[in-house]
Enquirer: 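Just dropping this structure here.
Below, each value reflects all heavy atoms present in this structure, side chains not excepted, and no hydrogens, waters or symmetry copies.
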Amino acid sequence: MSLSTARSFLSEACYGEQELDANSALMELDKGLRSGKLGEQCEAVVLFPKLFQKYPFPILINSAFLKLADIFRLGNNFLRLCVLKVTQQSEKHLEKILNVDEFVKRVFSVIHSNDPVARAITLRMLGSLASIIPERKNAHHTIRQSLDSHDNVEVEAAIFAAASFSAQSKDFAAGICNKVSEMIQGLDTPVELKLKLIPMLQHMHHDASLASSSRELLQHLVNSYPSTPMVIVSLHTFTQLAASSLIDIPKQLQLLLQYLKDDPRKAVKRLAVNDLKLLAKKAPHLWIRENTQMLCECALTIPYNSLKLGMLAVLSTLSGTIAIKQYFSNVGGGSLVPPRLTDLVKLAQECCYHSNLAVAAHGVIVLTNIAISCPEKDIVQLEQDTVLGVESLLMLCSQDNSPSAQATLKTALTSLVKLLKSRPHLSQSAVEFLLGQLHLSCDSSRVLMCHALAAIATQLPVLGDGMLGDLVDLYRVASHSSTDKQQELLVSLATVIFVASQSSLSVEVKTVIKQQLENVANGWTVYRIARQASRMGCHEFSSELYQCVRTRVASEHFYFWLSSLKEFSQAEQCLSRVEDGDYSGAMSAIADALRSYQKGIASLTAASTPLSPLTFQCEFIKLRIDTLQALSQLICTCNSLKTSPPPAIATTIALTSGNDLQRCGRISMQMKVCMDEFRSLAARYADLHQSSFDADYATLRNVELQQQSCLLVSHVIEALILDPQAASFQEYGTVGSVQTESEYERRMMSVFNHVLEEVESLTKKHPPVSHLHTSCLCDAVIALLKVPLSFQRYFFQKLQSTSIKLALSPSPRTPSEPIPVQNTQQLTLKVEGVVQHGSTPGLFRKIQSVCLNVTSVLQSKTGPDYKIPLDTKTNEIKQRVEPHNDYFSTQFLLNFSILGTHTVTVEASVVDESGIEWKTGPKTTVSVKSLEDPYSQQLRHQLQQGGAQPAPQRSTYTRF
């Protein structure tokens, strides 16, 4: 019964629950550990990793590991094995054990057992704990002794432990190196044991002399023991050691290439190829031209496809790095061989047409990377060869439904898109080829080709119109069944059509898509297509799709979510009807859009749940509403120049007051209010950007564009009306040169440039304020409104999830009770935290460090009411810590000299690998009550009662 309760705790518990649940789960597991039945004990032991995952704080993990150590000490070998597995699974939590000495003491007691299996399990346990006890001399001594054991199981365990400690401890590695060398070279050591001992040498890289002696030993082994297993193990250990010590990589490359070229054994060649690939990823800059040339020669002459594939995999890795430039550079000073005539290009061209699809895929990658990175005179021929190679591979794979063919097709299409990005003049013919192949391909190939076409059309929008006809024809006949591949094809084709249409779908295209969706599409497919339409700015069409799918969901939260999306699409559709110069029409369109947005934000709020609060979506929509209101207010302010022009004495008032803006009348003050409003909106967009740590790059760029549009409007107001002389256009001059990644970004950049050009030309010709200035402002507003808003991926889908959970100590016994502290003492606040990830941690960015900001504010004062300096009322401390295994801990010393209740706030933010700080939260608060020191209180009472009696001298004796 107890274990079923524990299982329910661990399966249903969510982050953020009270500590009571953690203690309850631990108590239930403890009951299982103390059970008399072996099965229940084992089940309790194997549930501990789930407990650590749910409640990853040291106080619980320490208690749990001490209980496991007791089981390890007192249980049988099977229980010990279970505890060992749990320890190895929970390696990232080991450093949270507080009583390391006690834990190791209980585990270590088993090493004195007469049972060699128990000793072997203990040795493996010690090896698993090497990260927290790297310098324990008793563990070092035990491992050295166990290497001389006559029991094979114990010796293998000792080798595992020795390897683990060698990786962690420099002293142990230096001490064990000679013993391992003697055992490897000893005639009485069996070959099987030597093969297990040799990999230990890869950890001997802590200093140069140790690495050098290990290399000499490995070189001796390679020469002295030519058997295949010994050569394979020695070479691989050689490579691992070189990769760790770095300085020996060039020598290792030469050694591996020599074996690849001269050794006739296929297994040795395969090992050499795998190790070369490892070094190509680790240090491509150390590959000189001779290394790459020798690899090309081997690949050209090798008769085995599997080995040729491995060599090409190494070359494809190198071709995307600096090594390719080193290969084509004229280092020797002789006559430069044209790239087309080099062995590398010959090999790649030959492999592009190879019968093995994987070999052909790597040939295409190499040829593409060469064509991109080689700016030579005869590059035209190389480009044509690359395109022909890619097209032949596409024709071969597009009608084959097998996984290998689809993987090759994906590789070829990726290479094609990469090539076209750097060589845009090849795009037209490539698009025509892909459109022709679409009609002949199988469904899974069509999906991949659609992705490639969408990427090409995004890079070169001018090609979109030419695609539409073929795509719509294909959509008419695309689907005749409701299989998963057919549904995926409908989504992919629709996405390409949206990209090619550039947010302006014709009636015919809409009809064709809707007809297919009604015939065979399920609700999820309709939603995905609607989502893509919202991302591409086709809001009228997405609104219709959301309308038809919102009643086909099983939850009211989903219904409200779809209803809000429909309202947002309708709001953006209202804005799409704005015409140039029609200012009253723009205001009525904004009013209609705001009505829809207000309905949508109500539905969006109803769609949020505690597990899915939709924080980013709500904040983004609120900002959009406030931006539209600010734009509407700006148009009203511009119109006020006509309805309330400056009075006749405005010039006199301006001269008298010394404020030149008074010449413009009341519009100047209204414009200042508008400018401040847009700057405030830009700051809020910046805050939203800074709090979206898990967002993809396109979403963040979208938020940046919204921020820049608000800054642009505020700058235009200042440049045209408030301060024309001080306004500078130089900082905005390079906007057009930025590489754009989407149609929405391209159109926004175009609007920014156009508005800035108009404003700059106007400020040089006319003094403010005239109808020309207000018209320019209104035209800028309309130009911004006419760009359809893009709802990016993070609005719909969260691919990366990162959160931080904080624990403070001391903590109050109840949430409402403050922590007592004497005013003459300082409070040590310990802050512990755990970084929690979703299914794909670090997809867009990773946490490098966590910033903790601790502030305290005096809430209510209980002492005498005299004036208090401001700096004694508050504490403000900031500290940065680096999480290790997703855990961090630090302490703060806080001073509460003022009597009363203080509120302490701990706020966390993260710093990514680029050094950018993100306001991710969370924010935790505790109350602290500062109490008067008992001796001071007693002294004050005596003074009040005795009047002017002299104060006794405080000493050790007066306190007792």
Enquirer: Can you find a heavy atom in the side chain of N369 that is under 4.5 Å from one in the side chain of I324?
Expert: no
Enquirer: How close do Y353 and S392 get, counting heavy atoms only, and between which atoms?
Expert: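 Looking at all heavy atoms of both residues, the closest pair is CE2-OG, 3.3 Å.
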Enquirer: Would you check if K277 and V273 make a side-chain contact, meaning some heavy-atom pair closer than 4.5 Å?
Expert: no
Enquirer: Decide yes or no for L396 and L357: does some side-chain heavy atom of the first lie under 4.5 Å from some side-chain heavy atom of the second?
Expert: yes
Enquirer: Taking C-beta and beyond as the side chain, do I847 and D886 meet within less than 4.5 Å on heavy atoms?
Expert: no
Enquirer: Looking just at side-chain N and O atoms, do H236 and Q240 make a donor-acceptor pair shorter than 3.5 Å?
Expert: yes
Enquirer: Tell me if the NZ atom of K179 is crowded by more than 12 foreign heavy atoms within 6.0 Å.
Expert: yes
Enquirer: With a 6.0 Å cut-off (strictly less than), is the heavy-atom count around NE2 of H141, excluding the residue itself, greater than 12?
Expert: no
Enquirer: Can you list every pair that meets ring-ring contact (aromatic ring centres under 6.0 Å, His included) and has a residue in residues 146-176, with sequence neighbours left out?
Expert: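 Output for this query lists H140-F165, H140-F172, F165-F172.
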Enquirer: Cut-off 3.5 Å, side chains only: do S209 and D207 have a donor facing an acceptor?
Expert: yes
Enquirer: Going from NE2 on H354 to NZ on K308, what distance comes out if it is rounded to the nearest 0.5 angstrom?
Expert: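 Result: 5.0 Å between the selected atoms.
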Enquirer: Could I get the full list of side-chain hydrogen bond (donor to acceptor under 3.5 Å, both in side chains) partners for D400, not counting sequence neighbours?
Expert: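 D400 satisfies side-chain hydrogen bond (donor to acceptor under 3.5 Å, both in side chains) with S402 only.
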Enquirer: Carefully, step by step, assess K266 and S306 under the rule side chain to side chain contact (heavy atoms under 4.5 Å, CB included).
Expert: CA-CA 10 Å; K266 199 172 177 181; S306 60; 3.8 Å; yes
Enquirer: Looking at side-chain heavy atoms only, is the closest gap between D343 and Y327 below 4.5 Å?
Expert: yes
Enquirer: Would Q168 and S131 count as having a side-chain donor-acceptor pair, cut-off 3.5 Å?
Expert: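 No - no donor-acceptor pair under 3.5 Å links their side chains.
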Enquirer: May I have the step-by-step check of side chain to side chain contact (heavy atoms under 4.5 Å, CB included) for L235 and L255, ending in yes or no?
Expert: CA-CA 9 Å; L235 273 180; L255 181 66; 3.9 Å; yes
Enquirer: Output the distance between atom NE2 (H203) and atom SG (C177), rounded to the nearest 0.5 Å.
Expert: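 H203 atom NE2 to C177 atom SG measures 12.5 Å (nearest 0.5 Å).
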Enquirer: Ignoring hydrogens, what is the shortest heavy-atom contact between I132 and P134? Give both atom names and the distance.
Expert: C-CD, 3.3 Å
Enquirer: Can you establish whether the number of heavy atoms outside Y304 located under 6.0 Å from its atom OH is more than 12?
Expert: no
Enquirer: Quick one about E182 and N178 (side-chain donor to acceptor, distance below 3.5 Å, no hydrogens or angles considered), yes or no?
Expert: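 Their side chains do not contain a donor-acceptor pair, so the 3.5 Å distance test is not met.
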Enquirer: Test S128 against every option in E91, K85, Q88 by the side-chain hydrogen bond (donor to acceptor under 3.5 Å, both in side chains) rule and name the one that passes.
Expert: Q88
Enquirer: Against M311, only a single residue in L300, L347, L260, L276 fulfils side-chain contact (heavy atoms from CB on, under 4.5 Å); can you say which?
Expert: L260
Enquirer: Nearest heavy-atom pair of Y225 and I184: which atoms, and what distance?
Expert: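 It is OH-O, 4.2 Å.
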Enquirer: Nearest 0.5 angstrom please: K410 NZ to S445 OG, how far?
Expert: 12.5 Å
Enquirer: Given K269, which of L307, D262, L256 fulfils the side-chain contact (heavy atoms from CB on, under 4.5 Å) condition?
Expert: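 Testing K269 for a side-chain contact (heavy atoms from CB on, under 4.5 Å) against L307, D262, L256 leaves exactly one candidate, L307.
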Enquirer: Quick one: closest heavy-atom pair of V107 and M125, and the distance?
Expert: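 Closest pair (atom of V107, atom of M125, distance): CG1-CG, 3.6 Å.
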Enquirer: Kindly give the heavy-atom pair with the smallest separation between M204 and L241, and that separation in Å.
Expert: O-CD1, 3.6 Å
Enquirer: If you apply the rule side chain to side chain contact (heavy atoms under 4.5 Å, CB included), what do you find for D171 with K137, and how did you get there?
Expert: CA-CA 10 Å; D171 290 343; K137 299 304 178 188; 4.2 Å; yes
Enquirer: Is there side-chain contact between Y259 and V231, with heavy atoms separated by less than 4.5 Å?
Expert: yes
Enquirer: Would a 4.5 Å heavy-atom cut-off, applied to side chains only, mark L257 and E297 as touching?
Expert: no
Enquirer: Heavy-atom distance under 4.5 Å between the side chains of F238 and L221, does that happen here?
Expert: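 They are not in side-chain contact.
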Enquirer: Looking only at heavy atoms, which two atoms of A163 and M200 are closest? And how far apart?
Expert: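 Shortest heavy-atom contact: CA-CG, 3.9 Å.
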